[in-house]
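What follows is one structure encoded as structure tokens, with my remarks underneath.
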Amino acid sequence: MKIIREIAELRKYRAEQQSGGRTVGFVPTMGYLHDGHLSLVNRAKQETGCVIMSIFVNPLQFGPNEDFERYPRNEERDLDLARSAGVDAVFLPTVEEMYPSPIRTKVIVSDVTERLCGASRPGHFDGVATVVMKLFQMVQPDKAFFGMKDAQQVAVISQMVNDLNLPVEVVPCPTLREQDGLAMSSRNVYLNEEERAQAVVLSRTLDQLELWAREPGMTAELLEGKMRSSIEAMPLARIDYAEVLSFPALQQIQGPIAAVSASQESLPAAQWIAALAVRFGSTRLIDNRIFQGGVRLV
Ligand code: AMP
């Protein structure tokens, strides 16, 4: 596995893949790898000839009071995991390599960034879109693999790729979970024992949605209320948001929930998302599920 720290070297490696006739799959991450990340690598290996992973904790997407400094990092372990997953090259730039001078150009995606994590983490998606755009310019991947655990990120990056005609295919991949259902996340290591036990409430709540959504007269607002009550049953849980929106447009849904697919049958936006962000102490966890009508999709 090739370890690359400089942009110039990455470009050279990319060009070699081009002349060798290999398609390039790209898996951007912030490291502290878990099986969720590695499932993206597996998918990339199935679909492309060469897999490049980036590991970069991007300061631009963290707010001033967020966990940039204490975000978990372990380069040696990450490299071992990436190597055994079959990654061909890992790009590990420093902050100075990525941002040698204060950045004055940003990619700002409107509308789909206004709700959910965009509302509770102002500027977060500007940082995400900007770094992903920069990485796309460096790696020039044929396909880029993103986890649906961060469904809004998939919506934002897809919007950017469409709006700016970027020559890359965004491939959304399913969320990997721990045995009890908790979505895998690098941030799960922050949880103490009690918080970890209660954190299962996110996936358990999402599991209930399919049933709730089948109840006659069910609306997005009623579903949100049910999600809130379910989460609030856990004494350590503090809800950041619990929302039901159309997906991927992330617009509010009016009227009965079944009408989402009925009234917009021919549109991809016939899907809807139930999305949660919940704090346990200082740890903020997210999870979501995508539905079509009353049927679970992701
Ligand atoms: P992160 O390192 O948290 O920025 O995540 C890097 C990529 O891995 C993103 O596309 C995430 O959506 C994806 N990812 C994170 N957690 C999971 C998971 N549990 N299952 C699948 N993909 C994930």
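One-based numbering, in listed order, for ligands and for the atoms of each.
- A salt bridge does not link Arg228 with Glu224: none of the charged nitrogens is closer than 4.0 Å to a carboxylate oxygen.
- For atom 21 (C) of ligand 1, the closest non-hydrogen atom of the protein is Pro174 O, 3.4 Å.
- Set against the non-hydrogen atoms of Thr175, the atoms of ligand 1 under 4.0 Å away are 19 (N), 20 (N), 21 (C).
- When heavy-atom distances to ligand 1 are checked against a 4.0 Å cut-off, Asp35 has no atom that comes that close, whether in backbone or side chain.
- Across all their heavy atoms, Glu16 and Arg22 have their closest contact at O-NH2, 3.9 Å.
- A cation-pi arrangement is found for Arg73 relative to Phe68, the charged atom lying closer than 6.0 Å to the ring centre and inside a 45° cone about the ring normal.
- Here the protein heavy atom with the shortest distance to atom 4 (O) of ligand 1 is Met30 CG, 3.6 Å.
- The shortest contact between atom 20 (N) of ligand 1 and any protein heavy atom is with Leu176 N, 2.8 Å.
- Under the 4.5 Å side-chain criterion, counting only non-hydrogen atoms from C-beta, Asp150 is in contact with Ile286.
- Residue Pro28 has no N or O atom closer than 3.5 Å to an N or O atom of ligand 1.
- Using a 4.0 Å cut-off to heavy atoms of Phe146, the atoms of ligand 1 that qualify are 10 (O).
- By the 3.5 Å distance cut-off applied to N or O atoms, Gly147 is counted among the residues near ligand 1.
- Looking at Asp80 and Arg83, a side-chain N of the basic residue comes within less than 4.0 Å of a carboxylate O on the acidic one, giving a salt bridge.
- Of the protein's heavy atoms, Asp150 OD2, 2.6 Å lies nearest to atom 12 (O) of ligand 1.
- When ring centroids are compared, Trp272 and Phe291 come within the 6.0 Å threshold.
- In terms of protein heavy-atom proximity, atom 5 (O) of ligand 1 is nearest to His37 NE2, 3.4 Å.
- Glu9 and Ile3 make their closest contact through OE2-O, 4.2 Å (heavy atoms, listed as atom of the first residue, atom of the second, distance).
- Here Asp180 does not pair with Arg204 in a salt bridge; the nearest charged N to carboxylate O distance is not below 4.0 Å.
- Between Ser39 and ligand 1, no N or O atom pair is found at a separation short of 3.5 Å.
- Atoms of ligand 1 found under 4.0 Å from any heavy atom of Leu40, numbered from 1 in the order shown, are 7 (C), 8 (O), 10 (O), 13 (C).
- Between Cys173 and ligand 1, not a single N/O pair is under 3.5 Å apart.
- Close approach of ligand 1 to Met184 (heavy-atom distance below 4.0 Å) involves ligand atoms 16 (N), 17 (C), 18 (C), 19 (N).
- The cationic group of Arg187 does not satisfy the cation-pi geometry with Tyr32, failing either the under 6.0 Å distance to the six-membered ring centre or the 45° limit from the ring axis.
- Taking 4.5 Å as the limit, some side-chain heavy atom of Leu202 sits within range of a side-chain heavy atom of Leu285.
- If you number the atoms of ligand 1 from 1 as listed, the ones under 4.0 Å from a heavy atom of Thr29 come out as 2 (O), 6 (C).
- Of all protein heavy atoms, the one closest to atom 17 (C) of ligand 1 is His34 CE1, 3.7 Å.
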